[in-house]
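First comes the structure, then the notes that go with it.
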Amino acid sequence: MAIVKWDPFAELNTLHEQVNSLFNDTFGNLGNNNHMLPATDIYHDEKGLTIETNLANFREEEITINQHEDALEIRAEHQERQEDGGKGKNYLMRQSVNQYFRRFALPKNADVDAIDAKLENGILKVHVPYKELPQPKHIAIKRSTNAVEAGPTDKKSAKK
């Protein structure tokens, strides 16, 4: 029988590998560049909210922007097919699909009827202007004309 050196961390390493495998199978390999989202910046000022997303691989007709209830959805899908060998490569067909989907919550004062979107140099810029929310209305208290003046109500002062 051969003598084997015992490693106290062997079982822990195996458990670590199993947990990593479970996460990769469930959520995909998050370290892989194919699953990374394009850079997105969100900022606001007193005029409105601006969302800038790097969608360099997409054309304008491949991007849809929808506003539904309190959210703005940006969806883009790019399909590329090339059926000739081209440029010294030996493949007969190449296909790639790139997709992007993000949903952004909109503030209550968003003016959804005035949302503006532009695609310039691969950067999608969506501007959501703010509208003025209704100000609180002051309600005056009116005096009642048929109200009786409040005074002492004890019976002794009423008899005099």
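- Of all non-hydrogen atoms in D116 and K118, the two that sit nearest each other are OD2-CE, 3.6 Å.
- Distance check: I51 CD1 to T40 OG1 gives 8.5 Å after rounding to the nearest 0.5 Å.
- Put simply, the side chain of R103 reaches to within 4.5 Å of the side chain of E73, judged on heavy atoms.
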Report task. Please test E77 against E62 for side-chain contact (heavy atoms from CB on, under 4.5 Å), starting from the C-alpha separation and ending with a verdict. Result -> CA-CA 6 Å; E77 185 172 353; E62 297 172 326; 5.9 Å; no
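- Distance CD1/I74 to CG/L124: 5.0 Å, rounded to 0.5 Å.
- Of all heavy-atom pairs between N54 and P38, the closest is O-CB, 3.0 Å.
- No side-chain donor from either of E46 and Y130 sits under 3.5 Å from a side-chain acceptor of the other.
- Taking both residues in full, the closest heavy atoms of I115 and Q67 are given as CD1-CG, 4.2 Å, listed atom of the first, atom of the second, then distance.
- A distance of 8.5 Å separates CG in L49 from CG in L72, rounded to the nearest 0.5 Å.
- Considering all non-hydrogen atoms of both residues, E52 and K125 come closest at OE2-CE, 3.5 Å.
- The closest side-chain heavy-atom distance from Y100 to T53 is below 4.5 Å.
- No continuous path of ILVMFWY side-chain contacts below 4.5 Å connects I65 to I123, so the two sit in separate hydrophobic clusters.
- Residues L119 and F58 form no side-chain contact, since every pair of their non-hydrogen atoms from C-beta on lies 4.5 Å or further apart.
- Nearest heavy atoms, K131 versus D111: CB-CB, 4.0 Å.
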